[in-house]
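Model, not experiment: these values are computed from the prediction.
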Amino acid sequence: MTSTFSNIMDSNSYSAGPGDAEPLISAREKMLGPAYRLFYERPVHLVRGHGTYLFDADGQRYLDAYNNVASVGHCHPHVVDAVTRQLSTLNTHTRYLHEAIVDYSERLLTTLPFEVDQVMYGCTGSEVNDLALRVAEMHTGATGVIVTTDAYHGNTAAVTAISPSLGGATALGAHVRTVAPPDSYRVPKDRLAQAFAADVAAAADELVQAGYGVSCLIVDTLFSSDGIYTEADVLGPAVAAIRSRGGVFIADEVQPGFGRTGNAMWGFQRHGVVPDLLTTGKPMGNGMPVAAMAARSDVLKSFAVGVPYFNTFGGNPVSMAAAAAVLDVIENERLMVNAANTGALLHRELTRIAQDQPGVGDVRGAGLYLGVEMVTDADTKAPDRAGARRLVNRLRERRVLLSVCGHDGNVLKIRPPLVFSPADVDWLCAEFEAALIP
């Protein structure tokens with residue numbers, strides 16, 4: 001592992017050997033430079049998508065068990081139609097009046113607790129997490145931020161500084177403290193909430209002593225990059241600890257939101273807490289660039305009256321059309337129910353397979369977001385990074401696409417479009433079981 005290794009980017013990335021790069025890969029690297037990454041030891045050249053399926057340049061069909069970007073399925077016709085109609089009518093920015101942004105905002109806020117009553121727009125999760133940090137800082141007058149050990153919150157300068165999983169040449173800001181995630185595989189479940197809260201409180205006190213104060217605790221409410229920890233009712237004491245020290249709680253819902261967990265529209269709802277700020281991105285527009293930061297108006301006020309915010313493409317009519325269409329599909333196709341039912345089926349089947357596999361240490365999940373932890377020793381729970389990578393690449397060769405996450409890159413990340421079906425579960429589990437055979 002070199003000093004340029006990024007856990008989130010390189011645990012499942014392509015690395016060219018001497019002379020083995022395809023022409024398209026070589027051209028990409030020449031034009032885009034070395035910062036970009038590709039998945040898998042043998043990258044996939046995709047040309048088309050439909051529902052939970054992706055097709056490569058040779059016409060081979062793949063099962064997409066990874067992409068929450070196309071949250072309601074690749075090329076969903078209702079989303080495609082809504083975007084096409086709006087794009088052929090008008091697309092401009094938010095300094096002109098337009099009904100779409102108001103109508104969508106009303107629908108979005110209706111899904112949230114009444115305390116969260118205003119919303120602002122960007123194009124990416126990185127942008128709105130950056131915005132949330134600014135809002136928190138102006139509201140609290142402090143700069144100290146607490147994140148989990150392998151958090152990822154985006155790629156602007158501000159959020160790179162709070163994203164330890166990026167690694168490489170990036171560095172955490174001096175104003176940032178990290179705490180271990182609530183690891184339900186290694187910590188008894190009845191101790192998770194209090195242990196997490198104690199760590200958060202200690203980190204907050206350290207920030208105060210260092211002169212930064214406490215601006216916020218920001219967490220992905222499924223701890224996705226940390227290894228997917230889905231135990232509910234964990235966050236309450238930690239949020240209370242932050243607020244008692246003058247900070248705010250930011251729920252990063254980019255991955256957990258929009259019905260992903262099956263039993264709630266938003267990940268934070270599973271913990272019985274109400275955030276001061278929440279952010280969402282990728283799944284919101286089914287691939288169109290749209291993101292949002294929702295807020296309690298009293299927390300937003302200092303920023304809102306002091307900063308004339310403008311984002312050229314944030315909340316534009318085409319992106320709003322896509323976002324509204326995604327809500328339509330989630331509601332009309334009952335995708336939260338599907339996430340709950342199909343996710344439970346997938347969890348059961350993976351757990352059944354794992355019973356006979358000493359290398360599978362844990363299967364955990366909520367709805368259609370599951371983690372399968374690979375270990376070298378079931379007794380010590382020692383992580384198996386190499387085994388997880390090998391399994392992901394075997395599955396790629398069997399045309400099932402997923403990836404890895406976690407501090408040791410040993411947790412298989414299964415996060416398919418919300419239209420994943422029981423037939424897709426059968427396909428995934430058959431190939432998963434076959435790929436486990438030495």
Side-chain angles (χ1 to χ4, degrees), residues 9-17 20-22 24-25 37-70 73-75 227-228 342-343 345-365 368-376 383-406 408-438:
M9 297 291 286
D10 291 321
S11 291
N12 177 31
S13 65
Y14 165 77
S15 179
D20 70 350
E22 297 179 7
L24 183 58
I25 296 175
R37 302 292 196 272
L38 287 163
F39 277 136
Y40 309 113
E41 293 171 358
R42 195 163 70 91
V44 184
H45 179 186
L46 298 174
V47 297
R48 183 166 64 90
H50 177 74
T52 57
Y53 307 132
L54 293 164
F55 300 83
D56 70 12
D58 296 321
Q60 296 288 323
R61 184 178 69 155
Y62 294 76
L63 178 64
D64 185 357
Y66 179 76
N67 275 296
N68 71 329
V69 178
H74 294 279
C75 300
I228 310 172
T342 306
L345 174 63
L346 179 56
H347 192 283
R348 287 195 302 272
E349 289 301 301
L350 290 172
T351 301
R352 175 188 60 78
I353 294 168
Q355 290 174 349
D356 299 321
Q357 298 290 337
V360 180
D362 192 32
V363 178
R364 50 186 179 261
L368 281 171
Y369 208 143
L370 292 91
V372 179
E373 182 150 355
M374 306 302 295
V375 296
T376 57
D384 187 1
R385 181 188 289 272
R389 182 182 174 96
R390 184 166 57 250
L391 186 55
V392 164
N393 280 284
R394 284 181 179 176
L395 284 165
R396 175 260 178 268
E397 295 304 323
R398 305 182 78 91
R399 301 200 300 277
V400 172
L401 304 180
L402 44 79
S403 193
V404 291
C405 61
D408 297 289
N410 69 310
V411 180
L412 306 185
K413 181 192 286 188
I414 303 173
R415 185 193 56 183
L418 296 177
V419 291
F420 213 65
S421 70
D424 295 331
V425 171
D426 291 343
W427 183 356
L428 188 157
C429 289
E431 298 300 343
F432 178 69
E433 194 163 17
L436 284 167
I437 299 172

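One distance of note links CZ of F420 with CG of L63; it measures 4.5 Å at 0.5 Å rounding. To the nearest 0.5 Å, atom CG of residue N12 and atom CZ of residue F39 are 6.0 Å apart. Note that the CG atom of L46 and the CG atom of L401 stand 7.0 Å from one another [nearest 0.5 Å]. A distance of 7.0 Å separates CD1 of I437 from CD of E433, quoted to the nearest 0.5 Å. For the atom pair CG of L350 and CZ of F432, the computed distance is 6.0 Å after rounding to the nearest 0.5 Å. Atom CG of D64 and atom CG of L54 lie 4.5 Å apart (nearest 0.5 Å).
Scanning both residues, V404 and G409, for their nearest heavy atoms gives CB-O, 3.8 Å. In this structure, W427 and R398 approach most closely via the heavy-atom pair NE1-O, 4.4 Å. Smallest separation of non-hydrogen atoms from V392 and S403: CG2-O, 3.9 Å. Taking each heavy atom of G51 and P417 in turn, the nearest pair found is O-CG, 4.1 Å. The shortest heavy-atom contact between C429 and I353 is O-CD1, 3.6 Å. Across L38 and P43, no two heavy atoms sit closer than the pair CD1-CG, 4.0 Å.
Remark: side-chain polar atoms of D426 are not paired, donor with acceptor, to backbone N or O of A423 under 3.5 angstrom. In this structure a side-chain-to-backbone donor-acceptor pair under 3.5 Å is missing from N67 to A70. Formation of a donor-acceptor pair under 3.5 Å by the N410 side chain with backbone atoms of A388 is not found in this model. Although no hydrogens or angles enter the test, the distance criterion places a donor-acceptor pair under 3.5 Å between the side chain of R389 and the main chain of S13. With D58 contributing its side chain and Q60 its backbone, the two residues share no donor-acceptor pair below 3.5 Å. Remark: side-chain polar atoms of R364 are paired, donor with acceptor, to backbone N or O of G227 under 3.5 angstrom.
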side-chain contact (heavy atoms from CB on, under 4.5 Å) between M374 and L436, intermediate numbers included: CA-CA 11 Å; M374 306 302 295; L436 284 167; 4.1 Å; yes
Verdict with supporting geometry, E431 and R399, salt bridge (charged side-chain N to carboxylate O under 4.0 Å, His left out): CA-CA 9 Å; E431 298 300 343; R399 301 200 300 277; over 6 Å; no
R37/D10 under side-chain contact (heavy atoms from CB on, under 4.5 Å): CA gap, chis, key distance, verdict: CA-CA 8 Å; R37 302 292 196 272; D10 291 321; 2.4 Å; yes
Derivation of the side-chain contact (heavy atoms from CB on, under 4.5 Å) call for Y369 and I228: CA-CA 8 Å; Y369 208 143; I228 310 172; 3.4 Å; yes
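With respect to L428, the side-chain contact (heavy atoms from CB on, under 4.5 Å) criterion is satisfied by exactly one of T52, I414, L395: I414.
R415 forms a cation-pi arrangement with Y66, by the criterion of a distance under 6.0 Å to the ring centre and an angle within 45° of the ring axis.
Ion pair R396/E41 not flagged as a salt bridge, since none of the NZ, NE, NH1 or NH2 atoms sits closer than 4.0 Å to an Asp/Glu carboxylate oxygen. Comment: R394 does not engage E397 in a salt bridge, judged by the lack of any side-chain N to carboxylate O separation of less than 4.0 angstrom.
Inspection of the R385 and S11 side chains reveals an N or O donor paired with an N or O acceptor under 3.5 Å.
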